[in-house]
Chemist: 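I have a structure here, written as structure tokens, and I will follow up with some questions on it.
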Amino acid sequence: STLSSHTSASSSLLRRRLSSSPRNLSSFNDPKSVVLKPNEYGSTQSVVETGNAEPFDFVADPGTGNDDPSEWAYLFVHYHKTGNKISTGLKKLIPSAFDLLTPGGRLPQRRHDARTNCPSNLDIHMPVGAISVATGPNFFCDVRILVQALLFSATHFNKKVKIIHLVRNPFQLAVSNYNYHRQDPTPEDWVFEINPCGETAMLPSLDLLRPTFFNSGVMEEPIMYDEDFAILQKICHELYQSQPETASWNFYDHLRNLPPTQGLNLATMQMVGEMLRMANNIIKFNQLKQLDLQGRIQVRTISMSDFQNYPEETMFKLLSFMSLPPGRKERISHQYGEWMNRVKEEKTNNHVTTGNSNEEMLNDWLRGDEFWGRILGNIEKVVDAALMQQQLDS
């Protein structure tokens, strides 16, 4: 995938870091092995052992082999403004086109089990032979717990999972988010009701983010510091209903009527939690790759801009990763490419906000801002490193 010209210098540095250092993350210096042991009922369950335990020798696939799509559980992971329409559409399109898979479940959005910090009931939401979707999932659990949650369930002992992770440049995401929600009429009713300074669902706590953000494996400094969370609240309270003339405005009124850079500032503060989830999950999925799981968890990271700029090629690569058979794969890729090109030309989809005349100005403002330039710049490094690593792995 192509990277923004704005990041050529940082991308070169990241490429050198990737090529000259081990790919294991700094937070994963002492990996543990996932093994199976009998439980009290005589059946097997996954457990975690420390030290030099032998990796679990997964049972050979019966019958059809590793490339049979019906033997995999598929999970599309995306975030607000990073491919909701694509994920939802593919969840319906692929099963109907190939007669191999069924539409699966939808993971709890921005929620997790307080005991494990993983989404609850992954085995229920992610059945084998189905395509499931997760919007902004909270993968805050230890990577070894995540392995157990993904691979082992009461109904599928020998489960295999393919994760399609849709990501987006955070600066582009922030500008798109602002332009999308300030449309007239707005596509989202919640902008009339939300209090961005009091909303907690979008913004994960520092305790949940600290394990990955202080050991990202991409940069030496943390992605965010403790005091940055206080700065977010300061930004919000300085902009939201802070003047006599704005005291009765709702969030949408602010997006429509504040000067563009102030509206963008407020919208980005409300949205940044989703970008933090994206960075956290990139790091978590990279940690998964460091475990010897015999290829039973596979992750493909795809840039949202590739779906927009190279739709047919990107769709073909996605369907190939899913091990779908040829023939209809080419036809679906071609149809998707024609549809995306038509949408961009006709502007028939309010989810596609690229091409607004203010994009360059707003992007430059974010990059030049002392706070957002640092925070979004750090997230950008994580995204770019993941996309470059995907190129090396492909």
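Bear in mind the structure is a predicted one, so any value in this text is a computation, not a measurement.
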Chemist: Decide if atom CD of Glu227 counts as having more than 12 heavy atoms of other residues, nucleotides or ligands within a radius under 6.0 Å.
Modeler: yes

Chemist: Run the side-chain hydrogen bond (donor to acceptor under 3.5 Å, both in side chains) test on Ser70 and Asp68 for me, step by step, so that the C-alpha distance in whole Å, both residues' side-chain angles and the decisive distance to 0.1 Å come before the verdict.
Modeler: CA-CA 5 Å; Ser70 65; Asp68 184 351; 2.8 Å; yes

Chemist: Indicate yes or no: does Lys317 engage Asp306 in a salt bridge with an N to O separation below 4.0 Å.
Modeler: no

Chemist: Where do Pro260 and Tyr178 come nearest, in terms of heavy atoms and distance?
Modeler: CA-OH, 3.4 Å

Chemist: Keeping Asp228 on the side-chain end and Tyr225 on the backbone end, is there a donor-acceptor pair under 3.5 Å?
Modeler: yes

Chemist: What are the two closest heavy atoms between Gly136 and Arg277, and how far apart are they?
Modeler: O-CD, 3.3 Å

Chemist: Just so I know, are the side chains of Met315 and Leu319 near enough to count as touching, which here means a heavy-atom distance under 4.5 Å?
Modeler: yes

Chemist: Less than 4.0 Å between a side-chain N and a carboxylate O, is that true for Asp226 and Arg210?
Modeler: yes

Chemist: Between Arg256 and Trp249, does a side chain to side chain contact (heavy atoms under 4.5 Å, CB included) hold up when you go through it step by step?
Modeler: CA-CA 10 Å; Arg256 292 290 300 172; Trp249 288 4; over 6 Å; no

Chemist: Got a second to check how far Phe307's CZ is from His78's NE2, nearest 0.5 Å?
Modeler: 11.5 Å

Chemist: Under a 3.5 Å distance rule, please check whether Gln298 uses its side chain to pair with a backbone N or O of Gly295 as donor and acceptor.
Modeler: yes

Chemist: With side-chain hydrogen bond (donor to acceptor under 3.5 Å, both in side chains) as the test, would you mind laying out the steps for Glu338 and His334 before giving the verdict?
Modeler: CA-CA 6 Å; Glu338 288 184 331; His334 182 67; 3.0 Å; yes

Chemist: In sequence, state the C-alpha distance, the side-chain angles, and the governing distance for Leu239 and His254, and then conclude on side chain to side chain contact (heavy atoms under 4.5 Å, CB included).
Modeler: CA-CA 9 Å; Leu239 291 172; His254 285 75; 5.8 Å; no

Chemist: Just verifying a value: how many Å separate Ser333 OG and Arg331 CZ, rounded to the nearest 0.5 Å?
Modeler: 10.0 Å

Chemist: Side chain to side chain contact (heavy atoms under 4.5 Å, CB included) for Val272 and Leu232? Distances and angles first, verdict last.
Modeler: CA-CA 9 Å; Val272 71; Leu232 289 173; 4.0 Å; yes

Chemist: Considering non-hydrogen atoms only, spot the tightest contact between Leu255 and Arg182 and give its length.
Modeler: O-NE, 3.0 Å

Chemist: Is the closest side-chain donor-acceptor distance between Trp365 and Asn265 under 3.5 Å?
Modeler: no

Chemist: What residue among Ile375, Asn280, Leu173, Asn169 forms side-chain contact (heavy atoms from CB on, under 4.5 Å) with Met275?
Modeler: Leu173

Chemist: If we ignore hydrogens and angles and just use 3.5 Å, is the side chain of Thr186 paired with the main-chain N or O of His181 as donor and acceptor?
Modeler: yes

Chemist: Judged by modelled atom types alone, do Ser323 and Lys162 share a side-chain donor-acceptor pair under 3.5 Å?
Modeler: yes

Chemist: Between Ile163 and Leu150, what is the shortest heavy-atom contact and its length?
Modeler: CD1-CD1, 4.2 Å

Chemist: Closest heavy-atom contact between Asn138 and Pro119?
Modeler: O-CD, 3.2 Å

Chemist: Would you say that Met278 contacts Val382 through its side chain, given a criterion of any heavy-atom pair below 4.5 Å between the two side chains?
Modeler: no

Chemist: Within the distance-only criterion (no hydrogens, no angle test), does the side chain of Gln390 pair as donor or acceptor with the backbone N or O of Thr301 below 3.5 angstrom?
Modeler: yes

Chemist: Using modelled atom types and a 3.5 Å cut-off, is there a donor and acceptor pairing between side-chain atoms of Tyr240 and backbone atoms of Pro196?
Modeler: no

Chemist: Within this structure, what is the CH2-CD1 distance for the pair Trp72 and Ile131, rounded to the nearest 0.5 Å?
Modeler: 14.0 Å

Chemist: Test your reading of the model: is there a side-chain donor-acceptor pair from Gln233 to the backbone of Phe229, 3.5 Å cut-off?
Modeler: no

Chemist: Side chains of Arg367 and Asn363: donor-acceptor distance under 3.5 Å anywhere?
Modeler: yes

Chemist: Mind telling me whether Phe251 and Trp190 have parallel, tilted or perpendicular rings, with 30° and 60° as the class edges?
Modeler: parallel

Chemist: If you group Ile, Leu, Val, Met, Phe, Trp and Tyr by side-chain heavy-atom gaps below 4.5 Å, do Trp339 and Phe316 land in one group?
Modeler: no

Chemist: Any side-chain to backbone donor/acceptor pair from Ser176 onto Gln172? Under 3.5 Å, distance only.
Modeler: no

Chemist: Determine whether Val147 and Leu288 make a side-chain contact, defined as any pair of heavy atoms from C-beta on separated by less than 4.5 Å.
Modeler: yes

Chemist: Measure the shortest side-chain to side-chain distance between Leu209 and Phe214 over non-hydrogen atoms and say whether it is less than 4.5 angstrom.
Modeler: no

Chemist: Are the charged groups of Glu345 and Arg342 less than 4.0 angstrom apart, N to O?
Modeler: no

Chemist: If you round to the nearest 0.5 Å, how far is CD of Glu330 from OG of Ser320?
Modeler: 7.5 Å

Chemist: How many angstroms lie between atom CE of Met271 and atom NZ of Lys81, to the nearest 0.5 angstrom?
Modeler: 8.5 Å

Chemist: Ignoring hydrogens, what is the shortest heavy-atom contact between Leu151 and Lys159? Give both atom names and the distance.
Modeler: O-CB, 2.9 Å

Chemist: Decide yes or no for Val383 and Lys381: does some side-chain heavy atom of the first lie under 4.5 Å from some side-chain heavy atom of the second?
Modeler: no

Chemist: Can you tell me if Lys284 uses its side chain to pair, donor with acceptor, with the backbone of Cys141 under 3.5 Å?
Modeler: yes

Chemist: Check for me whether Arg168 meets the cation-pi criterion with Tyr79, that is, NZ or CZ under 6.0 Å from the six-membered ring centre and within 45 degrees of the ring axis.
Modeler: no

Chemist: With heavy-atom distances below 4.5 Å as the criterion, would you say the side chains of Glu188 and His80 are in contact?
Modeler: yes

Chemist: Could you give the distance from CD1 (Ile145) to CG (Asn117), rounded to the nearest 0.5 Å?
Modeler: 8.0 Å

Chemist: Run Asn177 and Thr268 through side chain to side chain contact (heavy atoms under 4.5 Å, CB included) and show every step you take.
Modeler: CA-CA 8 Å; Asn177 173 67; Thr268 304; 5.8 Å; no

Chemist: Is the backbone of Val143 close enough, under 3.5 Å, to the side chain of Gln287 for a donor and an acceptor to pair up by distance?
Modeler: no

